[in-house]
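Here is the structure we will look at.
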Amino acid sequence: MPEQPRIVIIGGGHAGLTTALRLRRKLRAGEAAVTVIDTQPHMTYQPFLPEAAAGSLEPRHVVVPLREALRGCQVLTAQVTSIDHAQRELTVMLGDGKVEHVSYDVLAVVPGSISRALPIPGLAEQGIGFKTIGEAIYLRNHVLSRLDIAASTRDEQLRRRLLTFVFVGGGYAGIEAMAELESMARYAIRSYPPVSPQEMRWVLVEAMGRIMPEVSPPMSEYTRQRLEERGIEVKLNTTAKSFENGHAVLSDGDEFDTDTVVWTAGVKPHPMLEESDLPRDSKGRVECTAKLQVRGTHNVFSAGDCAAVPDLTSSDPDALCSPSAQHAVRQAKVLADNIVALLRGEPLTDYKHRYAGSVAGLGLFQGAAEVYGVKLKGFPAWLLHRVYHLAKMPTASHKARILGDWLLELPFRRQVVALGELHDPRAEFVKAANTRGLPGPNGRAAG
Ligand SMILES: Cc1cc2nc3c(=O)[nH]c(=O)nc-3n(C[C@H](O)[C@H](O)[C@H](O)COP(=O)(O)OP(=O)(O)OC[C@H]3O[C@@H](n4cnc5c(N)ncnc54)[C@H](O)[C@@H]3O)c2cc1C
C-alpha cells in the first residue's frame with residue numbers, strides 16, 4: 001500500500017488550528033496524515049488576552065490544548081528553525097534540544113507574527129509585549145503588585161513611578177489591553193488605601209494622529225474621548241524616545257519615571273521565515289497567491305499574520321489582507337479546502353473576504369464597535385464584542401468555560417490579587433535550602 005501523503009502545519013495558532021480541524025473533517029480515512037508543529041502545546045485565542053489580563057477570564061480558558069483539540073493528528077511541541085523547500089524538509093528543534101528533520105508532501109506555513117520592537121534605548125530592559133498568555137498573566141500580576149508596593153511605601157517619588165503605566169501603540173490590541181487593565185486597576189485600587197485612583201497615571205503613546213486605524217475616524221475619536229474621560233492620557237503624534245532606567249522620554253517633551261512599559265506598536269512576520277527559501281516581500285511576509293499557495297510553489301500554502309495575501313475585495317490591485325484573526329481563520333478554511341483539492345486533483349479556490357470591521361472591549365460594560373459600517377458604542381458594543389468572540393472561540397468546552405467565567409463575575413466581581421510567586425516559584429525553596437546550609441554561630445551548618 002503506498003504511503004499516505006504527509007501534510008505538515010507550522011504553527012497551531014488561529015490559522016494552524018483551524019486548518020488542522022478542517023483537514024481532519026474533510027480528509028477521507030487514510031487520504032493523508034496531518035502533523036501540527038508548534039512551540040507551545042496550545043493555541044492562544046489572542047482577542048481574549050486583555051480580559052485574561054484583567055481577570056475577567058481565567059487564563060487557562062483562553063488557550064486551547066492542541067493535543068486535546070486535534071485528536072487524530074500528530075502534534076509536535078517543537079520549534080521549526082528553518083524550511084528547506086528545495087528538499088521538502090524542515091529543521092525542527094525538539095523540547096530536549098535535539099535537532100531533527102521533518103519531511104513533507106504538503107506544507108502550511110502559519111507561524112504568525114511577533115511584536116515589532118524598535119531600537120529605543122531601554123525598551124529591551126523595561127518593555128513587555130502583549131501577544132502571549134504568559135505576558136498577559138505577568139502584566140496582571142505586575143500591575144497589582146505595583147499597587148501593593150505603592151500602598152505600603154512612604155517614598156513619594158517611588159509611589160509616583162509605581163503608579164505610572166505607559167502603553168506604546170494605539171491599535172485595537174493596545175487599546176483593549178490598556179483599557180481592560182486600567183479598568184481592573186481602578187476597581188482594585190479601592191482595596192489599596194491610602195492609594196487613591198487619582199494618583200494613578202495611564203499614558204497611551206501613539207505615533208499617528210489617531211488611535212484604532214481599524215475603525216473609521218469618528219469611532220476612533222469616540223474611543224479616544226471615552227478613554228480621556230476615564231483619565232487616560234492619549235498622546236497622539238507622539239513617539240517614545242527612551243525608557244532608560246525606567247525614565248520615559250517622549251517626543252512631546254514629557255518625561256517621567258515608570259515601572260511599566262507595555263509595547264503594542266504593531267507586529268512583524270515571524271523571524272523564523274528568514275531561515276527559509278520561500279519568497280518573501282519587503283516586510284518579510286511570505287508571498288502568496290489568492291489561492292494561498294506560496295508563489296512559485298504548488299504544495300506550500302500560507303495564511304494569517306505571516307502571509308502577504310492579495311485582498312481581492314479592494315480596487316487597489318496591490319492591496320493585501322490585514323493581519324487579524326478575522327482573516328487568519330477564514331483564510332485557514334480556504335487553505336484546508338485547497339490542500340484537499342490539490343490532493344484530489346481538483347481546482348483550487350481564491351480567498352476573498354471583505355474585512356467586516358472591529359469590535360473592541362474597553363473594560364467592563366464599555367466598548368466600541370464598527371461592523372460593516374454599523375457603529376455601536378458603550379454597552380451594546382461591549383456585548384457584541386463578547387458575543388462575537390464567544391462564538392469564534394474554538395471548542396464547545398472553552399465556550400462553556402468562558403461563559404461560566406463571565407456569569408460568575410456578575411455576583412462576585414473580579415478577583416484582584418497578584419500571584420507574584422508564579423514568576424519565581426523556586427524562591428522560597430532556595431531560601432529554605434540556603435538557610436539550612438548556612439554555617440551557624442558555632443561554625444556548623446544551622447538546621
Ligand atoms: C491582544 C490582542 C487582541 C487581538 N484582538 C483581535 C480582534 O479582536 N480581532 C481580530 O481579528 N484579531 C485580533 N488580534 C490579532 C489576531 O490575534 C492575530 O491576527 C491572529 O492571531 C493571527 O493568527 P495566526 O494564526 O497567523 O498567528 P497566531 O495565532 O499567532 O499563531 C501562530 C502560532 O505559530 C506558533 N509558532 C511561531 N513560530 C513557530 C516556530 N518557529 N515553530 C513552531 N511554531 C511556531 C506560535 O506559537 C503560535 O501558536 C489580536 C491580537 C492581540 C495580540
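Just follow the structure's listing: the first ligand is 1, and inside any ligand the first atom is 1. Nothing here was measured: the structure is a model prediction, and the numbers come from that model.
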Next on the checklist: Between His398 and His61, does the ring pair (Phe, Tyr, Trp, His ring centres under 6.0 Å) criterion hold? Intermediate values first, please.
Outcome noted: CA-CA 6 Å; His398 280 78; His61 297 169; 7.4 Å; no
Next on the checklist: Would you say that more than 12 heavy atoms from the other residues, nucleotides or ligands in this model lie under 6.0 Å from the CZ of Arg354, or not?
Outcome noted: no
Next on the checklist: Students often mix this up, so state it plainly: with edges at 30° and 60°, are the rings of His14 and Tyr45 parallel, tilted or perpendicular?
Outcome noted: tilted
N or O contacts of ligand 1 with protein under 3.5 Å, please list pair by pair.
residue, atom, partner, partner atom, Å
ligand 1, 8 (O), His389, NE2, 3.3
ligand 1, 11 (O), Ala325, N, 2.9
ligand 1, 11 (O), Gln326, N, 3.0
ligand 1, 12 (N), Tyr172, OH, 2.9
ligand 1, 12 (N), Ala325, N, 3.0
ligand 1, 17 (O), Gln46, OE1, 2.9
ligand 1, 19 (O), Asp305, OD1, 2.7
ligand 1, 19 (O), Asp305, OD2, 3.3
ligand 1, 19 (O), Ser324, N, 3.3
ligand 1, 19 (O), Ala325, N, 3.2
ligand 1, 21 (O), His14, ND1, 2.9
ligand 1, 21 (O), Gln46, OE1, 3.4
ligand 1, 25 (O), His14, N, 3.3
ligand 1, 25 (O), Ala15, N, 2.8
ligand 1, 26 (O), Asp305, N, 2.9
ligand 1, 29 (O), His14, N, 3.0
ligand 1, 29 (O), His14, ND1, 3.1
ligand 1, 30 (O), Gln46, NE2, 3.1
ligand 1, 34 (O), Pro111, O, 3.4
ligand 1, 38 (N), His270, NE2, 3.0
ligand 1, 41 (N), Val80, O, 2.9
ligand 1, 42 (N), Val80, N, 3.0
ligand 1, 44 (N), Thr39, N, 3.4
ligand 1, 47 (O), Asp38, OD1, 2.6
ligand 1, 47 (O), Thr39, OG1, 3.3
ligand 1, 49 (O), Asp38, OD1, 3.4
ligand 1, 49 (O), Asp38, OD2, 2.6

Checklist entry - So, are Asp105 and Arg6 salt-bridged, with charged N and O less than 4.0 Å apart? => result no
Next on the checklist: Less than 6.0 angstrom separating the ring centers of Phe48 and Trp406, yes or no?
Outcome noted: yes
Next on the checklist: Using the rule given for salt bridge (charged side-chain N to carboxylate O under 4.0 Å, His left out), can you reason through Arg330 versus Asp337, listing the C-alpha separation, both sets of side-chain angles and the distance that settles it, and then say yes or no?
Outcome noted: CA-CA 11 Å; Arg330 285 178 171 82; Asp337 291 351; over 6 Å; no
